[in-house]
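Some notes on the structure that comes next.
Because only heavy atoms are used, hydrogens play no part in the values below, and waters and symmetry mates are left out as well, while side chains stay in.
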Amino acid sequence: MAERAADPASHFIREIIEDDLRSGRHARVVTRFPPEPNGYLHIGHAKSICLNFGLARQYGGVCHLRFDDTNPAKEDVEYVDAIMEDVRWLGFDWGDRLFYASDYFEQLYDFAMRLVEAGKAYVDSLSADEIRAYRGTFTEPGRNSPYRDRSVAENRDLFLRMRAGEFPDGAHVLRAKIDMASSNLNMRDPTLYRIRRIAHHRTGDQWCIYPLYDFTHCLSDMLEGITHSICTLEFENHRPLYDWVLDALDTPCHPQQIEFARLNLSYTVMSKRKLLALVQGGHVAGWDDPRMPTISGFRRRGYTPEAIRDFCESVGVAKRDSMVDVAQLEHHIREDLNKRAPRVMAVLRPLKLVIENYPEGQIEELEAVNNPEDPAAGTRRLPFARELYIERDDFMEDPPGKFFRLAPGREVRLRYAYIIKCERVVKDPETGAVLELRCSYDPETRSGSPASSRKVKATLHWVSVAHAVAAEVRLYDRLFKVEAPEACDDWLATIDPAALTVLREARVEPSLATALAGERFQFERQGYFCVDPDTGPGRAVFNRTVTLRDTWARIQAGPAR
RNA sequence: UGAGGAGUCGCCUAAUUGGUAAGGCACCUGACUCUGGAUCAGGGCAUUGAAGGUUCGAGUCCUUCCUCCUCAGCCA
């Protein structure tokens with residue numbers, strides 16, 4: 001009943017599937033997520049993963065995880081391991097349906113041989129350059145290769161010998177015999193097999209010929225009984241070839257390829273080539289750098305799988321190219337963390353504050369709510385004393401009108417504690433820098449006490465100097481300064497050096513001393529943070545996942561950006 | 001310039017398949033608040049890429065035009 005509201009919005013792929021189920025064309029859906037293990041998964045893959053596994057889940061079908069590992073030159077086990085970890089972390093399970101295109105190499109070879117025998121494929125001995133020259137252009141048809149009419153017997157022999165390793169790389173390729181005049185360049189006798197003397201990360205030296213994507217993918221789908229083969233828009237032009245191969249082989253089943261628009265996110269790049277360049281060029285600290293749009297980057301940054309899944313659902317599925325505002329992603333992580341992250345006090349840029357009329361040596365244990373959104377999260381005790389740290393940004397000597405926080409002579413509340421008043425500012429006589437605030441407190445205003453209802457304009461977070469734990473805080477922001485770095489010629493130049501700010505003097509409340517890597521918190525009034533794996537004995541490191549919505553920052557930034 | 005796709009508020013996505021544009025994000029107001037958070041309540045005239053046409057009625061159908069994306073790897 002109540003779950004009605006959770007019904008996912010419909011989109012054209014769900015409609016296709018529902019039609020197929022209703023008409024009996026398919027009894028159940030079988031989808032697949034087919035990454036090539038040549039890089040780490042990014043948020044764009046997350047959309048595809050959520051789509052494929054989500055569809056299977058929604059309609060009671062199954063989704064396969066299949067590694068499309070037909071290019072040993074670029075692939076590596078490091079990537080297959082990382083990919084499996086990321087898919088699992090996102091919350092999906094392929095059960096025993098883990099496949100590798102490389103497991104089909106023998107069958108694929110047989111299919112290719114059948115094509116040869118049917119006169120639908122031939123061995124071409126043109127060089128790569130020559131093949132390109134023969135292909136023609138968008139406006140001119142291609143020309144037939146002089147080797148196009150080799151006999152079946154000769155093609156058989158040559159293809160056999162290609163496999164046997166009798167030829168050097170590039171000497172021959174196997175091509176489909178389709179139509180060199182087709183307006184679709186993919187149909188101008190596409191290459192099916194090439195010779196590559198490179199060890200494969202799974203098949204080792206077993207093969208020296210490797211099938212190409214267009215030949216491999218449709219047949220792999222077919223062998224697995226995939227019903228709906230969902231891919232991105234750039235493969236639209238390949239669909240005729242996908243269908244041609246299956247038709248030419250008269251396969252027992254014929255999956256339907258359906259294309260949707262890939263995800264583009266503002267202020268980041270998504271192409272594998274560019275992500276690789278960021279890693280290899282040392283512009284980030286690795287694939288899991290929290291500034292990266294990789295799944296592992298988001299994980300380290302503190303994003304939750306739930307937030308990423310919700311986001312992927314919220315952007316929808318369509319055929320139109322689009323660029324989603326990162327703000328939409330940020331909305332989902334805030335929404336999720338707001339409900340579940342324990343609140344905690346942390347001072348990022350400490351400014352010392354002494355309460356002159358508070359007894360020296362006195363310490364009070366104040367009760368603090370762990371999560372106002374979740375009463376079950378309980379409460380904890382915070383030590384309060386005469387010397388505290390507050391945030392430097394929470395004090396201004398000469399505040400503008402809309403600044404509600406502390407200033408000389410002004411009163412604010414210290415969260416869960418007392419109302420204090422700034423009596424004096426201690427400054428460096430040389431530089432004029434503010435070194436310390438001398439304040440007074442009103443003992444009657446302790447939180448929860450009858451007289452505590454007095455109104456002040458602001459409530460500040462704080463930590464006790466004597467009790468606080470030192471921490472390193474890494475402030476992460478969008479990696480690029482421009483909305484569409486991908487569109488810039490010199491995209492690397494648009495990297496924002498301020499996307500990472502490391503604060504080494506932060507002080508956090510004592511309860512955080514035992515926080516474990518991966519744990520997430522809300523630093524009150526600042527944002528959501530998670531414990532970085534660099535954390536260890538005597539060293540606490542927190543990553544900022546996302547800031548809280550910040551009205552004051554918007555006021556400061558001036559009228560609407 | 002060939003072929004294949006796509007154009008709906010600033011950004012995403014809908015629209016019972018011809019019935020009079022809806023939701024989320026973002027933004028702005030206000031209320032509330034011991035987080036300038038959260039929450040709640042409001043708000044913005046979207047001439048549906050453009051022009052014609054069919055129709056009582058068009059975002060949906062037809063025609064023409066414009067713009068954008070993809071394709072000339074022995075990458076996927």
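Taking every side-chain heavy atom of Val173(A) into account, C74(B) is the closest of C74(B), C12(B), U35(B). Each of G36(B), C25(B), A76(B) was ranked by its minimum atom distance to the side chain of Thr70(A); first place goes to A76(B). In this structure, of A15(B), C71(B), G37(B), it is G37(B) that holds the atom nearest to the side chain of Arg549(A).
Tyr210(A) comes within 4.0 angstrom of no nucleic acid atom, judged by non-hydrogen atoms across all strands. Using a 4.0 Å heavy-atom distance criterion, Tyr528(A) is classed as making no nucleic acid contact. Across all strands shown, Tyr193(A) has no heavy atoms under 4.0 Å from either base or sugar-phosphate atoms.
Going from atom CG of Asp393(A) over to atom P of U35(B) covers 19 Å, rounded to whole Å.
Contact check, Arg196(A) against C75(B): a side-chain N or O comes under 4.0 Å of OP1 or OP2.
In summary, the side chains of Glu330(A) and Tyr303(A) do not present any donor paired with an acceptor at a separation below 3.5 Å, with no hydrogens or angles considered. Between Ser266(A) and Glu483(A), the side chains place no donor N or O within less than 3.5 Å of an acceptor N or O (distance only, hydrogens not considered). In summary, the side chains of Glu224(A) and Tyr104(A) do present a donor paired with an acceptor at a separation below 3.5 Å, with no hydrogens or angles considered.
On a pure distance criterion of 3.5 Å, a polar donor-acceptor pair joins the side chain of Gln522(A) and the base of U35(B). Between the side chain of Glu259(A) and the base of G4(B) there is no donor-acceptor pair of N/O atoms closer than 3.5 Å. Between the side chain of Arg405(A) and the base of G36(B), at least one donor-acceptor pair of N or O atoms lies under 3.5 Å.
Of the P atoms belonging to G4(B) and C9(B), the separation is 27 Å, rounded to the nearest Å.
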